[in-house]
Amino acid sequence: IAALPLPPKVVTLFPTHSGNNLSMVRRPETYCVFVGHGDSDKPDSANPYARVYDEIWVAGPLGRRRYAEAGIGVRASAIHEVGRPQFVGTAQPASQPPVIVYAPTWEGWGDDEHHSSLAHIGVALVDALLAAGVEVRYRPHPLTGQRDPALRRADRAIADRIGRVPADESLAATLDTATALVADVSSVVTEYLGYDRPYAIADTRGLGRRAFSRRFPSSAGGFLLGLDLTGLDAFLVAAQGGKDPSSRARSALVADVLGDPATAQQRFAAQIDRVLRDE
């Protein structure tokens, strides 16, 4: 990369933090922008490493607040809201009969046993959904079970029951089929918010609604499932087109997390043009 020919100015977009990024960051021709591979309440969405970039592009106001509240030294002027330009779905209801996607995250690189819901409630959740007579699609994180045998066992148990979403199916394609979603604290929730359909997040820590929403703001528009699957019945009613008490909070959250999803591609392109034209 040090010898790669570059024009006088290029915009370099970084989807993840890596020590290898420094090979481009050090090039004087590059204007470095961190876009991330997802926007979520996970710690990586406000990582101190972000200070090495010229700018940080977040999905919406919530992403901006994460950096401000983290107090890691990122300048407010460096943050720009662009939505999630890859979102091409529709906010219209998914077709019936209902399809519920379970998309847990993996165990992560740290030691947080609650990073993923899979080993805690995954098998029981899928069994309960199947018993309710709804179609369930299972989309685990690709790294699931890399570090934790308990997640490997749960993953195999669910796959034995219903299989997994095909490996070559994009996340957008999976979410487009979902009448409702069950996920963990992850960027999958952010991607799904644009559809304005019911979703649920597992509270395996037992924090309760108020504390959980304060700690993980992207959960505020969804249902909360306890370790004993408390909340699942109400979620199923909403998933099947019935009463949905989360709809008002979810609509407000869409604007906070994504801004206007319909204009994300234009906003993203406008930011690229701005940076390239700025001398």
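Every value quoted in this text rests on a predicted model; they were computed, and no experiment measured them.
Relative ring orientation between Tyr53 and Phe34 is described as parallel, the plane-to-plane angle staying below 30° on a 0-90° scale split at 30° and 60°.
You'll find the side chain of Val35 stays beyond 4.5 Å of the side chain of Phe14, heavy atoms only. Residues Val33 and Asp54 form no side-chain contact, since every pair of their non-hydrogen atoms from C-beta on lies 4.5 Å or further apart.
Each of Arg65, Arg215, Arg66 was compared with Asp41 under the salt bridge (charged side-chain N to carboxylate O under 4.0 Å, His left out) criterion, and only Arg66 meets it. With Val136 as the fixed residue, the side chain to side chain contact (heavy atoms under 4.5 Å, CB included) test singles out one of Leu130, Asp127, Val101: Leu130.
Judged by distance alone, with hydrogens and angles left aside, the side-chain atoms of Thr30 form no donor-acceptor pair with the main-chain N or O of Thr12 at under 3.5 Å. Remark: side-chain polar atoms of Arg75 are not paired, donor with acceptor, to backbone N or O of Glu55 under 3.5 angstrom. Under the 3.5 Å distance criterion, the side-chain polar atoms of Asn47 are matched with a main-chain donor or acceptor of Tyr49.
Partners of His115 by ring pair (Phe, Tyr, Trp, His ring centres under 6.0 Å), not counting sequence neighbours: none found. For Arg205, the side chain to side chain donor-acceptor pair (under 3.5 Å) criterion is met by Asp112, not counting sequence neighbours.
Atom CZ of Arg26 has 12 or fewer neighbouring heavy atoms from other residues, nucleotides or ligands inside a 6.0 Å radius.
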Can you check side-chain contact (heavy atoms from CB on, under 4.5 Å) on Ile201 and Phe216, steps first, answer last?
CA-CA 10 Å; Ile201 298 179; Phe216 307 112; over 6 Å; no
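A side-chain donor from one of Glu169 and Thr174 sits under 3.5 Å from a side-chain acceptor of the other. For the residue pair His141/Thr105, the side-chain donor-acceptor check at 3.5 Å is not satisfied. Between the side chains of Ser117 and Asp184, a donor-acceptor pair is found at a separation under 3.5 Å.
Leu227 and Phe223 end up in the same hydrophobic cluster when Ile, Leu, Val, Met, Phe, Trp and Tyr side chains are linked at under 4.5 Å. Clustering ILVMFWY residues whenever any of their side-chain heavy atoms sit less than 4.5 angstrom apart, transitively, puts Val82 in the very cluster that holds Tyr31.
Tyr199 has its ring centre no less than 6.0 Å from the ring centre of Phe235.
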